[in-house]
Amino acid sequence: QVQLVESGGGSVQDGGSLRLSCAASGFTYGTMAWFRRAPGKEREAVAGIYTDGESTYYADSVKGRFTISQDSAKNMVYLQMNSLKPEDTGTYYCAASPSRTRGWPHPVCTDWGQGTQVTVSS
């Protein structure tokens, strides 16, 4: 059974840090990504990584603050979020594609986690 499970969300103050984790089971993906849905906004891809060569994508709004990484042996992907801002508040989803998906910033992902809430207060 294919499954993506996120963890690590929470509430922090402006300028704080959080690390999100995504455990993938049942499949080895070609692309792993993090999306977020902020209140009143559409879901957007914030970071992605090709699991074969570690090429990465970042949305302009998070460049220099967020880092996506992977542990292939554990089939885990992480999102280190530093210098968090209130506008980073939202539900963060881990998503994946079997192949090296394209179309950033609107990549097609076939599998999704349930999401984890991140709240940044000013």
Donor-acceptor pair, distance only, cut-off 3.5 Å: does the side chain of Thr116 make one with the backbone of Tyr92? no
Just verifying a value: how many Å separate Leu84 CG and Ser11 OG, rounded to the nearest 0.5 Å? 11.0 Å
Test of understanding: clusters of I, L, V, M, F, W, Y form through side-chain heavy atoms closer than 4.5 Å, transitively. Do Val120 and Tyr58 belong to the same one? yes
Spacing of NZ belonging to Lys85 relative to OG belonging to Ser121, to within rounding of 0.5 Å: 15.5 Å
Pair Asp60 + Lys63, salt bridge at N-O below 4.0 Å: yes
Donor-acceptor check, side chain of Ser97 to backbone of Thr110, threshold 3.5 angstrom: yes or no? no
Please tell me whether Leu18 and Met32 are part of a single hydrophobic cluster in this structure, the criterion being side-chain heavy atoms less than 4.5 Å apart. yes
Heavy atoms of Leu79 and Ala47 approach each other most closely as CD1-CB, 3.9 Å
Main-chain N/O of Cys94 paired with Glu6 side-chain donor or acceptor, under 3.5 Å: yes
Of all heavy-atom pairs between Ser122 and Pro86, which one has the smallest distance, and what is that distance? CB-CG, 3.9 Å
So CG of Asp71 and OG1 of Thr51: to nearest 0.5 Å the spacing works out to 12.5 Å
Between atom CD of Glu42 and atom NE2 of His106, what is the distance when rounded to the nearest 0.5 Å? 8.5 Å
Taking the six-membered ring for Trp and the full ring for Phe, Tyr or His, determine whether the centres of Phe35 and Trp112 are under 6.0 Å apart. yes
Sub-3.5 Å donor-acceptor pair from the side chain of Glu44 to the main-chain atoms of Arg36, do we have one? no
Side-chain heavy atoms under 4.5 angstrom apart, residues restricted to Ile, Leu, Val, Met, Phe, Trp, Tyr: same cluster for Leu4 and Val77? yes
Which of parallel (below 30°), tilted (30 to 60°) and perpendicular (above 60°) describes Trp104 and Tyr57? parallel
Return the minimal non-hydrogen interatomic distance between Thr31 and Arg100, and the atom names on each side. OG1-CA, 3.2 Å
Hey, quick one: are Ile68 and Tyr93 part of the same hydrophobic cluster, counting side-chain heavy atoms closer than 4.5 Å, chains of contacts allowed? no
Taking every heavy atom of Tyr29 against every heavy atom of Ala24, the minimum-distance pair comes out as CE1-CB, 4.1 Å
Using every non-hydrogen atom in the two residues, find where Met81 and Val118 come nearest and quote the distance to one decimal. CE-CG2, 3.9 Å
Working to the nearest 0.5 angstrom, can you tell me the gap between Phe66 CZ and Leu20 CG? 8.0 Å
Could you tell me whether the side chain of Met76 reaches within less than 4.5 Å of the side chain of Ser21, counting heavy atoms only? yes
What is the minimum heavy-atom distance between Ala59 and Ala45, and which atoms define it? CB-O, 3.6 Å
Option among Arg37, Gln114, Gln117 that satisfies the side-chain hydrogen bond (donor to acceptor under 3.5 Å, both in side chains) test with Thr91: Gln117
Shared hydrophobic cluster for Trp34 and Tyr78 (ILVMFWY, side-chain gaps under 4.5 Å): no
